[in-house]
There are 2 protein chains.
Amino acid sequence: MHLSKKTEYALRALIYASRFPEGTTFQIRDLAEKNGIPKKFLELILLELKKAGILSSRRGVGGGYLLARRPDTIRTGEIIEVFEGSMNAGDGKKVPGRQGAREPSPAVARVVAEASRAAAAVLSRWTLADLVREEDEAAERRRMNVMYFI
Amino acid sequence: MHLSKKTEYALRALIYASRFPEGTTFQIRDLAEKNGIPKKFLELILLELKKAGILSSRRGVGGGYLLARRPDTIRTGEIIEVFEGSMNAGDGKKVPGRQGAREPSPAVARVVAEASRAAAAVLSRWTLADLVREEDEAAERRRMNVMYFI
DNA sequence: CATATATCCTATCTAATTAATAGGGTATAA
DNA sequence: TTATACCCTATTAATTAGATAGGATATATG
């Protein structure tokens, strides 16, 4: 499964957002600088996350973004769907198609749908809170490894 | 999960190939015409499937392509991997990356890897023989529906 | 109320990837 | 020796992803 840069940036942004105390905002500029993400590109991404009801925002001086809900209620699959479209079948926009082109085989469609559902099931088991915890544990493991080698 | 045109064409081609008696060949031209696939494009695809050990071929007059193995030994995942690359993590070619860019979060990597494995498991359960059977059953269902409406 | 701040919005540009063509080369049966 | 059908490399066209650009709008604060 391949994630686009948009999705990757979105996930990093939301992990970042999760580290702020509930109700306090962060600024795009800081997030962009600290994570090496192009600021203007990040604006578009956060805006989409807002429209999806995952982030909310306050404009003007002292404003910024913040999570719209608690991290343990935001599923990873929900985030990915915003940028990659539904993992499940039948989400595609119908294009006219070239002359002579046939419909994709129903058998293929079914297998793909089943595989997508299997992946979606995993992605909906993991919440943003799990990602943060996992990230902290990975950092801790790295720290222990460094100590081991000294 | 999105399939590229190449993968779609490859799957259609292999379902088509499965319908010929073992050991008999079919021609690119016929396959292309009957399925509305650009012939020259299809050549490239069949060639890749041959290199992957899924098809074999005979050149010259009376030649053509045929399955290299029996349909019930060819897994759907194997076919898809030829064109989409491994479903599992760590298959990407490392690109230098822009200044300031960070590594993708280990937490994200892990979730994606788990989701990919779940999808790959489904795709490796289904064989080409299953696809053909499923397609035939779908056709039969359509036929019954038509009768019902008469 | 002026100003600085920070989000909001739409359009455009560029690079990369995918899809498709093109034009012969090579093996083989008849 | 000829017609057939796969084999191979290169090029072009179309689409999508990634990134920039330039301002519009809302708001806290002096």
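Chain letters run A, B, ... following the sequence lines, proteins first and then strands; every chain starts at 1.
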From [options], pick the nucleotide closest to the side chain of [X]?
{"X": "A:L47", "options": "D:dC6, C:dT7, C:dC8", "answer": "C:dC8"}
{"X": "A:V61", "options": "D:dT27, C:dC8, D:dC8", "answer": "D:dT27"}
{"X": "B:R59", "options": "D:dC6, D:dC8, D:dA26", "answer": "D:dC6"}

Toward the 5' end of DNA chain D, which comes first, A:G60 or B:I28, by nearest nucleotide?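 The residue whose closest nucleotide sits nearer the 5' end is B:I28.
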Nearest-nucleotide 5' precedence on DNA chain D, A:F41 against A:G62: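 Nearest-nucleotide comparison on DNA chain D picks A:F41.
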Is there a donor-acceptor pair closer than 3.5 Å between any side-chain N or O of [X] and the backbone N or O of [Y]?
{"X": "A:T7", "Y": "A:I80", "value": "no"}
{"X": "B:R110", "Y": "A:E135", "value": "no"}
{"X": "A:S116", "Y": "B:M1", "value": "yes"}
{"X": "A:D136", "Y": "A:R133", "value": "no"}

Below 3.5 Å, does any donor atom in the side chain of A:E43 face an acceptor in the base of C:dC8, or the other way round? yes
Quick one: the side chain of A:K40 and the base of D:dG23, do they pair up donor-acceptor inside 3.5 Å?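 A donor-acceptor contact between them is present.
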Expressed as a whole number of angstroms, how long is the span from [X]:[atom1] to [N]:[atom2]?
{"X": "A:Q27", "N": "C:dC8", "atom1": "CD", "atom2": "P", "value": "12 Å"}
{"X": "B:D30", "N": "D:dC6", "atom1": "CG", "atom2": "P", "value": "9 Å"}
{"X": "A:R29", "N": "C:dA4", "atom1": "CZ", "atom2": "P", "value": "15 Å"}
{"X": "A:F83", "N": "D:dG18", "atom1": "CZ", "atom2": "P", "value": "12 Å"}

Got a sec: does the CD of A:E22 have more than 12 other heavy atoms crowding it under 6.0 Å? no
Ignoring backbone atoms, test whether [X] places a side-chain nitrogen or oxygen under 4.0 Å from the OP1 or OP2 oxygen of [N].
{"X": "B:K6", "N": "C:dA19", "result": "no"}
{"X": "A:Y9", "N": "D:dA19", "result": "yes"}
{"X": "A:S57", "N": "C:dC8", "result": "yes"}

Between A:G64 and B:S4, who's closer to the 5' end of DNA chain C by nearest nucleotide? A:G64
Contact class for A:L44 (heavy atom, under 4.0 Å): base, sugar-phosphate, or nothing? base
